[in-house]
There are 2 protein chains.
Amino acid sequence: MAQAGTVDRILDTAEVLFAQKGFAETSLRAITSKAGVNLAAVNYHFGSKEALIQAVFERFLTPFSAALGAKLDEMEATGTPDTPENVLGIVFRLALGTHPEDPQRAAIFFRLSGQAYSQPQGHLRDYLHKHYGAVFKRLQEHLQRAVPSVPPMELFWRVQFSLGAVIFTLSGMQSLQAISKADFDLDVSTADITRRLLPFLVGGIQADVPE
Amino acid sequence: MAQAGTVDRILDTAEVLFAQKGFAETSLRAITSKAGVNLAAVNYHFGSKEALIQAVFERFLTPFSAALGAKLDEMEATGTPDTPENVLGIVFRLALGTHPEDPQRAAIFFRLSGQAYSQPQGHLRDYLHKHYGAVFKRLQEHLQRAVPSVPPMELFWRVQFSLGAVIFTLSGMQSLQAISKADFDLDVSTADITRRLLPFLVGGIQADVPE
DNA sequence: TACAGACCCAAACGTATGTTTGAAACGTAT
DNA sequence: ATACGTTTCAAACATACGTTTGGGTCTGTA
């Protein structure tokens, strides 16, 4: 990373800082000085701060959604049954495993997603939905086959609820860890939490629909 | 509201703008000009922008947590059984009903909470935990009695997951509504979503704990 | 009427931000 | 070796922000 090109050094640093402090709270000067590049490099290579943010997401999500698509292909090819556990398990293993060399990367992934989704005007959310909505929809179709008794509209919202539970929890893990440690004197890792998440989400997604 | 005092005019306006655009993205100038008060009024009455943010939350959460405490008292007095539906139902009805005269207020409540929780450095989260952690803990104890088979540590995280699902979904409702309308051609209200949330959360909270 | 304290206001202050500039350094192919 | 497109750099620019200031206005009291 120290010997990487300017563009990658900026992306690497911006990714970490955005996840740590948010978009508005991270200045270009903070990024460039930490990355060891000139301030003007961001505008030269990306055009604007806004474009840098999008570039960070693109570098993150394009491999992820490609891998997810491949896993779904594989699932269909091998005839793996569409159960909630199988479908959600794919997503989790992927999110945790896309960068096995860097375990912190998974946390960054979730924190970044949280920042994007909770951005007020939500235009980043729209961007994500536009560029990665196709894989997302495919995932939802598999889930629908897993729980055919849940109406599509209901399932749509349950997937949103699940997204909220995942991103919200994992993007706020550092604070929650402190609380958890104070209450239970136990450290928790990202992998721990996802292990706890799976049964929760499965239980919620396949819950009975009232009346 | 037009004739209210300066302090309340600032709080009313800040509340809406913070929920709409976030804390960092909302300038004091935007607040004061929309509120029709002088720019210096914020620093005069509150001391700083940071203090204003806290004041907004205090005005929101103090009545809410008081009402929640009262409802829990009532529950214990009447001997209402501790079921997940009962406990969660209290919270939802309260969040939706604390300001019946202004239905939009519920959405603001959730959006504000989302902003607070997703704030990067999380010191607002710490503030909330410090000032309202007691009621929160009481709520969790009732839930624990509702699902005694779930270990406390597991329940702690499931409550966090639930919080995430609720806040995340409702704080991003405007974007999600657009997506939902595009996919299903149906409008959805905050009350609709909470109605869908309840079975999801109950299903997740009382799910079997593996191994 | 005179005083005092609370409140309001226009203006300025200092600082931090994203962006732009124009020249210097670099690498490469002619 | 020279010329050229690309990249880097220090510096400056314009703007927006939170905060402070000092004088003014209002209100209630003695």
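Predicted model only: the values in this text are computed from it and were never measured.
The existence of a salt bridge linking B:D12 and B:R9 is excluded, since no basic side-chain nitrogen approaches an acidic carboxylate oxygen closer than 4.0 Å.
The side chain of A:S27 contributes no N or O atom lying less than 4.0 Å from OP1 or OP2 of C:dA16. In this model, the phosphate group of D:dT7 is not approached by any side-chain N or O of A:N38 to a distance below 4.0 Å at OP1 or OP2. Put simply, A:T6 has no side-chain N or O that comes within less than 4.0 Å of OP1 or OP2 on D:dT7.
Using N1 to N3 plus N6-O4 or O6-N4 for Watson-Crick, or N1-O2 and O6-N3 for G-U wobble, each under 3.5 Å, C:dC7 pairs with D:dG24. Across all strands shown, D:dA10 forms a Watson-Crick or G-U wobble pair with C:dT21, both key distances being under 3.5 Å.
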Exercise for review: With salt bridge (charged side-chain N to carboxylate O under 4.0 Å, His left out) as the test, would you mind laying out the steps for B:R195 and A:E154 before giving the verdict?
Suggested key: CA-CA 11 Å; B:R195 189 170 33 74; A:E154 201 73 37; 5.8 Å; no
**Study point:** side-chain hydrogen bond (donor to acceptor under 3.5 Å, both in side chains) assessment of B:T6 paired with B:Y44
**Key:** CA-CA 11 Å; B:T6 303; B:Y44 177 78; over 6 Å; no
Exercise for review: Before giving the answer on side-chain hydrogen bond (donor to acceptor under 3.5 Å, both in side chains), spell out for A:H131 and A:E58 the whole-Å C-alpha distance, their side-chain angles and the decisive distance to 0.1 Å.
Suggested key: CA-CA 9 Å; A:H131 285 262; A:E58 209 167 304; 5.8 Å; no
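Atoms CD1 (B:I31) and C1' (D:dA16) sit 15 Å apart, rounded to a whole Å. Note: CD1 (B:I10) to C1' (C:dC9) measures 13 Å, nearest angstrom. Atom-to-atom, CZ of A:R9 to C1' of D:dC9 comes out at 14 Å; the value is rounded to the nearest Å. Summarising the geometry, the separation between CZ on B:R29 and P on C:dC13 is reported as 14 Å, rounded to the nearest angstrom. Between the CG atom of B:L28 and the P atom of C:dC9 there is a distance of 16 Å, given to the nearest Å. C:dA16 atom P lies 13 Å from atom NZ of A:K21, rounded to whole Å.
Across B:Q144 and B:V150, no two heavy atoms sit closer than the pair NE2-O, 2.9 Å.
Closest contact between the side chain of B:L39 and the listed nucleotides D:dC17, C:dA12, C:dT21 involves C:dA12.
The distance from the CD1 atom of B:I53 to the CG atom of B:L112 is 10.0 Å, given to the nearest 0.5 Å.
Two residues, B:T26 and A:A40, neighbour DNA chain D, and the one matched to the more 5' nucleotide by heavy-atom proximity is A:A40.
For B:F168 and A:F168, the ring centers are positioned 6.0 Å apart or more.
Looking at residues 42-55 of chain A, you'll see A:N43, A:S48, A:K49 sit with a heavy atom under 4.0 Å from some atom of DNA chain C.
A:T32 comes within contact range of no nucleotide atom at all, as no heavy-atom separation falls under 4.0 Å.
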